[in-house]
Chemist: 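Below is a structure I'd like to ask you about.
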Amino acid sequence: MKICVIGTGIYGISLALSMANNDHHITMWTENKKLEENFLKNHNLKPITDIDIPKSITITNDLKKALENMDFIVLATSAKYIRQICKNIKSFYNKLTPIAIASKGIENDTYSFLSDIIKSELKARHIAIISGPTFATDLINNEPAALSVAITSNKAYKYTFQALASKRIKLRENRDVYGTQLCGSIKNVIAIASGILDGLGFNESTRAFLITESIHDIKELLIKLECNPKTIISFAGIGDLMLTASSPKSRNYQFGILLGQKKQQNIINDFLNNNTVEGYYTLQSIKGLTKNRKIKMPIINIIYEIAVNHKEPETLIEFLMNKA
């Protein structure tokens, strides 16, 4: 297949490499003109990564060229850019071409799920959500991994399976498009809370306490939003939550550590400016979504108060101990 990957972050690169290993031809679009120039000259993606890039992967700054005659599209940009990306590619996109969303998050201003943005902006008919416990470095190292694939059509799954499934990547299909996106989004927020506990000096037992309580609350949220509560036990649910909320590799977790350590605000701001912390963006979306739907989710409010309103991080422990 000819596959377009929108975005050249490390996760997008890891997916491109995985699909290239399946003998597909990949064109990656980047907004960074210097990255394209460097690639054309040296055929690498420095400074993002030192990994060798196979000849089946090309890089372009030209959206029309990136999308021309593509069989399959993967969106792998930060969630906050999805709507603008859709507006930019609209004139080059065929609504019958399947799209997989690898981005995780909910739009801040509208509280829209990314699949709804793609439907409204592109009129796309075949959408897949890929979500699960996969760090980019592990995919690059070809370690065994698994992903949930939530789909709007059989065609969406067929193309996603053909693109990604391999001896080292397992895909499991479901039809809970919103629930899968919700789990993939909110786990980044819980990872911030887990990092806060680490920053406060607490160890695995306390983080397991947080994760267990979070699983219960996410399940209740899925029910209230008319999603499938069983999605919490999928790769996109407990799988991704356990990985992201227990590993210092996660930028959301690292951000939480800074909050727990009560670092100066300029240090925290520098981290946010120099790293993609999806949980910080999603935190505001989830808080707005639950408030808009009149759903109580106190754990989100507590994390919001600490991360946004600079409340003392110890309030997270008080909340967990007093939670019904």
Side-chain angles (χ1 to χ4, degrees), residues 7 9 11 75-87 101-118 120-121 129 131 178-197 199 210 213-214 217-218 220-222 224-225 227 236 240-241 244-245 250-260 262-263 265-313 315-316 319:
Y11 193 66
L75 295 180
T77 65
S78 180
K80 61 184 175 182
Y81 301 128
I82 289 293
R83 188 177 294 276
Q84 188 57 52
I85 287 291
C86 287
K87 290 180 183 296
I101 306 172
S103 311
K104 294 173 181 176
I106 296 170
E107 193 172 47
N108 270 177
D109 298 335
T110 65
Y111 317 130
S112 296
F113 287 93
L114 303 186
S115 61
D116 285 339
I117 295 173
I118 289 167
S120 65
E121 295 290 345
I129 312 298
S131 185
Y178 293 132
T180 299
Q181 289 176 90
L182 186 65
C183 286
S185 300
I186 204 169
K187 60 93 181 182
N188 286 327
V189 177
I190 303 304
I192 293 174
S194 191
I196 291 171
L197 295 178
L210 167 73
E213 290 286 14
S214 300
D217 289 357
I218 295 169
E220 290 302 310
L221 181 60
L222 288 169
K224 288 174 181 176
L225 291 175
C227 301
D240 210 359
L241 178 62
T244 313
S250 163
R251 285 165 291 189
N252 299 288
Y253 190 99
Q254 293 169 16
F255 172 63
I257 289 176
L258 297 179
L259 296 174
K262 304 181 185 180
K263 294 292 186 180
Q265 194 58 45
N266 66 308
I267 295 175
I268 293 171
N269 290 341
D270 284 345
F271 186 85
L272 288 172
N273 291 333
N274 295 314
N275 296 275
T276 301
V277 184
E278 289 285 17
Y280 186 73
Y281 176 84
T282 303
L283 174 57
Q284 300 176 65
S285 304
I286 293 288
K287 189 176 189 303
L289 175 67
T290 52
K291 182 179 180 181
N292 189 51
R293 302 286 184 92
K294 297 180 180 179
I295 298 170
K296 292 182 179 180
M297 200 167 183
I299 193 167
I300 295 299
N301 296 334
I302 288 293
I303 301 169
Y304 186 91
E305 287 298 316
I306 296 170
V308 179
N309 293 334
H310 317 304
K311 197 167 184 177
E312 290 297 312
T315 56
L316 178 59
F319 168 76

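Remember, it's a predicted structure, so these values are computed and weren't measured experimentally.
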Chemist: Rounded to the nearest 0.5 Å, how far apart are CG of L316 and CD of E305?
Modeler: 12.5 Å

Chemist: Report yes if the side chains of Y178 and L222 come closer than 4.5 Å at any heavy-atom pair, otherwise no.
Modeler: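 Not touching, per the 4.5 Å side-chain cut-off.
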
Chemist: Please assess I106 against F113 for the test side chain to side chain contact (heavy atoms under 4.5 Å, CB included), listing each intermediate value before the final yes or no.
Modeler: CA-CA 5 Å; I106 296 170; F113 287 93; 3.9 Å; yes

Chemist: Pair up each side-chain donor or acceptor in residues 286-295 with any protein partner under 3.5 Å, not counting sequence neighbours, and list the distances.
Modeler:
unit_1	atom_1	unit_2	atom_2	d
T290	OG1	I286	O	2.9
T290	OG1	K287	O	3.0

Chemist: For the CZ atom of F255 and the CD1 atom of I196, what is their distance to the nearest 0.5 Å?
Modeler: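 Here the rounded value is 7.5 Å.
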
Chemist: Working to the nearest 0.5 angstrom, can you tell me the gap between I302 CD1 and K311 NZ?
Modeler: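 One gets 5.0 Å once the value is rounded to the nearest 0.5 Å.
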
Chemist: Enter the distance from L259:CG to F271:CZ here, rounded to the nearest 0.5 Å.
Modeler: 9.5 Å

Chemist: If you take all heavy atoms of Y253 and A245, which pair is closest and at what distance?
Modeler: CE1-O, 3.6 Å

Chemist: Which pairs, with at least one residue in residues 272-282 and sequence neighbours excluded, count as a side chain to side chain donor-acceptor pair (under 3.5 Å)?
Modeler: S78-E278

Chemist: Would you please test K187 and S131 for side chain to side chain contact (heavy atoms under 4.5 Å, CB included) and show each step?
Modeler: CA-CA 11 Å; K187 60 93 181 182; S131 185; 6.0 Å; no

Chemist: S103 and I82: which non-hydrogen atoms are nearest, and at how many Å?
Modeler: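 Nearest heavy atoms, S103 then I82: OG-CD1, 3.6 Å.
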
Chemist: Could you tell me the separation between the NZ atom of K104 and the OG1 atom of T180, rounded to the nearest 0.5 Å?
Modeler: 10.5 Å

Chemist: Could you give me the CA-CA distance, side-chain angles and deciding distance for I186 and L241, then say whether side chain to side chain contact (heavy atoms under 4.5 Å, CB included) is met?
Modeler: CA-CA 8 Å; I186 204 169; L241 178 62; over 6 Å; no

Chemist: Please report the C-alpha distance between I218 and M297 in whole Å, then the side-chain angles of each, then the deciding distance to 0.1 Å, and finally whether the side chain to side chain contact (heavy atoms under 4.5 Å, CB included) criterion is met.
Modeler: CA-CA 9 Å; I218 295 169; M297 200 167 183; 4.3 Å; yes

Chemist: For the residue pair C227 and G179, what are the closest heavy atoms and their distance?
Modeler: SG-N, 3.6 Å

Chemist: Nearest 0.5 Å, please: how far is NZ in K296 from CG in D217?
Modeler: 13.5 Å

Chemist: Counting only heavy atoms not in K224, do more than 12 sit closer than 6.0 Å to its NZ atom?
Modeler: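 Result for NZ/K224: enclosed.
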
Chemist: Going by heavy atoms in the side chains, are C183 and D240 under 4.5 Å from each other?
Modeler: no

Chemist: Quick check on K263: does its NZ atom have over 12 non-hydrogen neighbours (other residues, nucleotides or ligands) under 6.0 Å away?
Modeler: no

Chemist: Can you see which heavy atom on I303 is nearest to which on A193, and at what distance?
Modeler: CD1-CB, 3.6 Å

Chemist: Are more than 12 heavy atoms, taken from residues, nucleotides or ligands other than Y81, located less than 6.0 Å from that residue's OH atom?
Modeler: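 Atom OH in Y81 is not packed in, count stays at 12 or less.
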
Chemist: Measuring only between side-chain heavy atoms, which start at C-beta, is N309 closer than 4.5 Å to Y304?
Modeler: yes

Chemist: Would a 4.5 Å heavy-atom cut-off, applied to side chains only, mark I118 and C86 as touching?
Modeler: yes

Chemist: Would you find a donor on one side and an acceptor on the other, under 3.5 Å apart, between the side chain of N252 and the backbone of A191?
Modeler: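 Not at all, since once roles are kept as given, no pair shorter than 3.5 Å links the two residues.
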
Chemist: Check Q284 against N108 and note the closest heavy-atom contact, atom names and distance.
Modeler: CB-ND2, 3.9 Å

Chemist: Where the side chain of Q181 meets the backbone of L114, is there a donor-acceptor pair that is under 3.5 Å apart?
Modeler: yes

Chemist: Is the closest side-chain heavy-atom distance between E107 and I117 below 4.5 Å?
Modeler: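 Of all side-chain heavy-atom pairs linking I117 with E107, at least one is under 4.5 Å.
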
Chemist: If you define the side chain from C-beta out and look only at heavy atoms, does anything of I306 sit under 4.5 Å from I192?
Modeler: no

